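Right, one structure below, let's go through it.
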Amino acid sequence: MQVGHGGPFAAALRISGGSTPRTYRGGAPGTGTLRTSAAWEAPGSGRAGSGRPSAPPASQSRAPTCWRAVVTTGAEQPEPDDRSGRSLDALMAERRAKRDALAAAGVDPYPARFDRTDLAADLRRRFAHLGPDDRTGVEVAVAGRMTARRGHGKLVFATLTDVSGAVQLLVQVADLDEPSAAVLEACDLGDWIGATGEVMTSRRGELSVGVRTLVLLAKAVRPLPDKWHGLSEADTRYRQRELDLLANPETRRVFDIRFATIAAMRQALVDEHFVEVETPILQAQAGGAIARPFVTHANTLDVDLRLRIAPEIYLKRLVVGGYERVFEVARNFRNEGLSTRHNPEFTALEAYQAFGDVETGMGLTERLVLAAADAATGRRSFATRGGDVDLTPPWPRRELLELLEEALGRPVHPSQPAGDLATLCRDRGIEVDDAWGAGKLVFELYDKVLLPTLLGPVLVCGFPVEVSPLARHRAGDPTLTERFELVVDGREYANGYSELNIPEEQAERFRFEIEAAQRGDPEAHPADLAFVRSLEYGLPPTAGIGIGIDRLVMLLAEVDAIRDVILFPMLRPEASPG
RNA sequence: GCGCCUCUAGCUCAACGGCAGAGCAACGGACUCUUAAUCCGCAGGUUCCGGGUUCGAAUCCCGGGGGGCGCACCA
C-alpha cells in the first residue's frame with residue numbers, strides 16, 4: 001500500500017493548540033479561580049449524598065477554569081466509591097488519580113504544546129541502517145500514544161504510536177529526572193506522551209529513543225480496547241469511530257485509502273484545469289437525480305427546503321456562467337434505505353467539461369478512477385464478490401441494447417410496444433408498473449437482468465431517454481441518449497452523458513416528468529424552470545460525469561460495507577452516551 | 001418494512017437449564033534488552049431491558065431496545 005505518511009510531515013510538525021489562546025468559560029486561564037467542586041468531578045467519585053455516583057456529571061461539557069483549581073477542589077476525588085459493580089468507574093478513577101497525583105507533584109498533566117522533531121516513520125527511514133546495540137548521538141523529540149509497555153524493573157520498554165507509525169521508547173529509570181520518573185509511573189496505555197532522547201537501538205536491534213525526558217500530554221482517563229484484539233463490535237466501531245481508528249489498524253488503512261482516493265481525483269481534475277466549486281446543499285427543489293429528499297425549514301424565509309440529492313443542476317448553471325470546467329466533491333442526501341451499500345448521506349464527485357461529449361466523459365472517468373487506484377493502493381486488480389476486477393485501461397465500451405440482446409436472446413428497443421416489454425419483464429420475474437413506458441422497461445431489464453452479471457469494468461452506453469431526463473438524445477435515435485454507466489462487479493460506479501443543452505427540449509422533458517408525476521409516479525424528476533431559463537442563455541456542448549466515491553473506495557479497499565468507508569455512518573441516535 | 005442472527009468484566013471471548021470463567025488491560029510484587037515480554041499474587045459482573053416457565057435461567061419462552069446480515073427501495 002502506498003498511502004505513505006510522514007513525507008508531508010517531515011520536520012517541525014507541532015501538536016497542541018499552539019498559538020491559539022484557550023478561553024475557558026467561567027474564568028480567565030491561569031488565574032487560579034476556584035470553581036466549586038461541581039466544576040468537573042469524576043463520575044463515580046462518590047459525591048456525598050448523591051447515592052448514584054455513576055451518574056454523568058451535568059457539567060461535563062464545561063471546561064474547568066484551570067487545572068489546578070480542579071485538583072485542589074478535587075482532593076477527595078480519586079476514591080472509587082464502594083466498588084460494588086462499578087469496575088469501569090474504578091478503572092477510570094485510578095487513571096484520574098494518577099493524573100491528579102502528577103498535578104499535585106507540580107507536573108502539568110495538560111501542557112499546552114509539545115515541540116516534536118520527528119515522526120516514527122521518519123526515524124525508521126533515517127536510521128534503517130543501524131545494527132543492534134547502536135548509538136547515534138542524535139537527540140530527537142517524539143510524541144504519540146503509548147500503545148504498549150513492557151517493564152523490566154529498572155528498564156522499561158514502551159511503544160509510542162504516532163500518525164506515521166510506531167517507535168520504541170527505551171527508558172532506563174535511573175536516567176530520568178524527577179518529573180519524568182513521575183510521568184513514567186503515572187502513565188497508562190493510551191495516554192498521549194512526548195519523549196526526548198537519543199536515537200539508538202536495543203540489543204535486539206529494535207530502533208528506540210533512549211528516553212531522557214518524558215512528559216504526559218493528555219491522559220486517557222477511559223481505558224482503551226485490548227491492544228491485541230482491538231475493537232470488534234460493529235456498533236461501537238461505528239458510533240465511536242475514533243476508538244475504532246486508534247484500536248484497529250485495518251480501519252486506519254481503509255480510511256487512508258478513502259482520503260488518498262479523493263485527494264488523487266481532486267489533483268487529477270485540477271491538473272486538467274477543472275475548478276473546484278461549491279453549490280447549495282439547501283435547495284428549494286432537489287433535482288439532478290431521482291430520490292426522496294430530506295426536508296428542512298429555513299426560519300428566516302419561512303420556507304421548507306430540501307437537502308440536495310445531486311449537485312448536477314447547479315454545476316451546469318456554472319458552465320453557463322463561463323466556468324468551462326467545474327467539479328464538486330458533493331455530499332448528497334437521500335431519504336431512502338439504509339443498507340450495506342446505502343448510507344443516507346454519501347459522497348459523489350461530479351465534473352462538467354465544456355465542449356466535450358459522452359466520449360469525453362468516459363475518458364475522464366477512466367483517468368480519474370485510475371489516478372485514485374494508483375495513488376491510494378498502487379494496484380489495479382481488486383477482489384470483489386464476483387471475482388477479481390482489473391482496472392487497467394482501456395475499459396470495454398458496450399452498447400446497452402447489444403448487451404441486453406445477448407443476455408435475453410432477442411433484441412429489445414425502447415421503440416417497441418410497452419406491453420411486449422412488460423411481458424418480457426414479468427417473464428423474468430420483474431415487477432412492472434402499468435404506467436411505465438418502453439424506455440423504463442428496457443432500463444429495468446438492464447438493471448435487473450444484465451447489470452448483476454457484469455463483472456467489468458465496462459462502460460455501458462446508450463440509455464433510454466425516458467430514464468435520462470437531463471441527457472442529450474442520440475443523433476439518429478430519439479429514444480436513446482448519449483449516456484454511459486461504469487459497471488464493476490454488478491454495480492453502477494459512475495454515470496455520465498452529453499448534457500442536454502437545448503432549452504426547449506429540456507422543458508419538454510420536464511413536462512413529461514410532470515405528467516409522470518401526475519400519473520402518480522413518485523420517481524418523476526421535478527421540473528426546474530430556473531434551470532431551463534439558464535439553458536436559454538446557452539450551455540455549450542458539455543460532458544458531465546458523476547462518480548460514487550463511497551463505492552469506489554469500497555472497491556479499492558476491498559470492503560463489503562459502505563459503513564466501513566464512511567467515518568461516521570448514520571445510526572440510530574445513542575440513547576445515553578457514556 | 002419483513003426474515004434470520006447477535007448483545008456476558010474496560011476490551012476479546014468461554015460457559016448454552018445446575019457455584020459466571022479465561023486472556024489482555026487494571027491493582028500489589030519480582031525482573032536492565034523486551035517487542036502480544038515473562039513470573040507470582042489480587043481484584044473486577046444489573047450476563048442489553050422488562051415479564052414468564054422452572055426447585056433453579058446468561059442459557060428456554062414472550063415483549064421491548066441496540067447492532068449485524070439477507071430481501072425490498074436505491075447510488
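Everything quoted here is computed from the prediction, not taken from an experiment.
Nucleic acid contact for A:T236: none, since no nucleic acid atom lies under 4.0 Å from a heavy atom of the residue. Nucleic acid contact class of A:G151 (heavy atoms, under 4.0 Å, all strands): base. Nucleic acid contact for A:R331: none, since no nucleic acid atom lies under 4.0 Å from a heavy atom of the residue. When heavy atoms are screened at a 4.0 angstrom cut-off, A:E492 is found touching the sugar-phosphate backbone but no base atom. Contact annotation for A:Y493: no contact, since no heavy-atom pair falls under 4.0 Å across all strands. As judged by a 4.0 angstrom heavy-atom cut-off over every strand, A:N343 is placed among the base-contacting residues.
As rounded to the nearest Å, B:C7 and B:A58 have C1' atoms that lie 11 Å from one another. Across the C1' atoms, B:A43 and B:G21 are found 15 Å apart, a figure rounded to whole Å. Rounded to the nearest Å, the gap between the P atom of B:G63 and that of B:G3 is 11 Å. Atom P of B:A37 sits at a distance of 48 Å from the matching atom of B:G52, rounded to the whole Å. Atom P of B:C33 sits at a distance of 15 Å from the matching atom of B:U38, rounded to the whole Å. Here, B:A15 and B:A57 have their C1' atoms 13 Å apart, quoted to the whole Å. For the P atom pair drawn from B:C49 and B:U8, the interatomic distance equals 10 Å after rounding to whole Å. Rounded to whole Å, the separation between the C1' atoms of B:U53 and B:G70 comes to 33 Å.
Neither OP1 nor OP2 of B:U35 sits under 4.0 Å from any side-chain N or O of A:R150. In this structure, A:S232 does not reach the B:C11 phosphate: none of its side-chain N or O atoms is under 4.0 Å from OP1 or OP2. Contact check, A:S87 against B:A9: no side-chain N or O comes under 4.0 Å of OP1 or OP2.
Taking atom CZ on A:R203 and atom C1' on B:C33, their separation rounds to 6 Å, with Å as the unit. Here the P atom of nucleotide B:C69 and the CG atom of A:L571 are 11 Å apart, to the nearest Å. What separates CG of A:L176 from P of B:U32 is a distance of 15 Å, to the nearest Å. Per the geometry, CE belonging to A:M92 stands 12 Å off P belonging to B:C11, to the nearest Å. As rounded to whole Å, 9 Å separates atom C1' of B:A37 from atom CZ of A:F157. Rounding to whole angstrom units, CD1 of residue A:I562 and C1' of B:C69 are separated by 16 Å. Atom P of nucleotide B:U35 and atom NE2 of A:H152 are separated by 7 Å, given to the nearest angstrom.
In this structure, a donor-acceptor pair under 3.5 Å is absent between the side chains of A:Y238 and A:D244.
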Walk along nucleotides 22-29 of chain B from 5' to 3' and tag each nucleotide B, S or - by protein heavy-atom contact under 4.0 Å, base first, then sugar-phosphate.
-BBSSS--
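Not a single donor-acceptor pair under 3.5 Å links the side chain of A:R367 to the backbone N or O of A:L269. A:R308 contributes a side-chain N or O that, together with a main-chain N or O of A:R331, makes up a donor-acceptor pair within less than 3.5 Å. With A:R212 contributing its side chain and A:D177 its backbone, the two residues share no donor-acceptor pair below 3.5 Å.
Salt bridge status for A:R239 with A:D235: present, with a side-chain N to carboxylate O gap under 4.0 Å. Salt bridge A:D188/A:R149: absent, no basic N to carboxylate O contact under 4.0 Å. At a threshold of 4.0 Å, the pair A:D550-A:R258 counts as salt-bridged, since one of the basic side-chain nitrogens sits closer than that to a carboxylate oxygen. A salt bridge links A:E312 to A:K316: at least one charged side-chain nitrogen sits closer than 4.0 Å to a carboxylate oxygen. Taking a cutoff of 4.0 Å between a charged side-chain nitrogen and a carboxylate oxygen, A:E206 and A:R124 qualify as a salt bridge. Using a cut-off of 4.0 Å between Lys/Arg side-chain N and Asp/Glu carboxylate O, A:K440 and A:E444 are scored as salt-bridged.
Counting only heavy atoms from C-beta on, A:R239 has its side chain closest to B:G67 among B:G67, B:A75, B:C33.
Under the Watson-Crick or G-U wobble criterion, with both distances below 3.5 Å, B:C31 is left unpaired in every strand shown. Figure legend. B:G50 is base-paired to B:C62; pairs are counted as Watson-Crick or G-U wobble with both atom distances under 3.5 Å. As the counterpart of B:A36, no nucleotide is assigned, since no Watson-Crick or G-U wobble pattern has both distances under 3.5 Å. B:C2 is paired with B:G70 under the criterion used here, namely a Watson-Crick or G-U wobble arrangement in which both key atom distances are under 3.5 Å. When both pairing distances are held under 3.5 Å, B:G21 makes a Watson-Crick or G-U pair with B:C13. With a cut-off of 3.5 Å on both pairing distances, B:G44 has no Watson-Crick or G-U wobble partner at all.
Comparing A:I290 and A:R572 along RNA chain B, the residue whose closest nucleotide (by nearest heavy atom) sits nearer the 5' end is A:R572. The residue among A:P225 and A:A234 whose nearest nucleotide of RNA chain B lies closer to the 5′ end is A:P225.
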Between the protein and nucleotides 71-73 of chain B, list the N/O to N/O atom pairs that are separated by less than 3.5 angstrom.
none

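Here the closest non-hydrogen pair linking A:H525 and A:P469 is CB-CG, 4.2 Å.
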Take A:F463 and A:Y446, measure what ring pair (Phe, Tyr, Trp, His ring centres under 6.0 Å) needs, and give me the verdict at the end.
CA-CA 10 Å; A:F463 283 74; A:Y446 159 76; 5.2 Å; yes
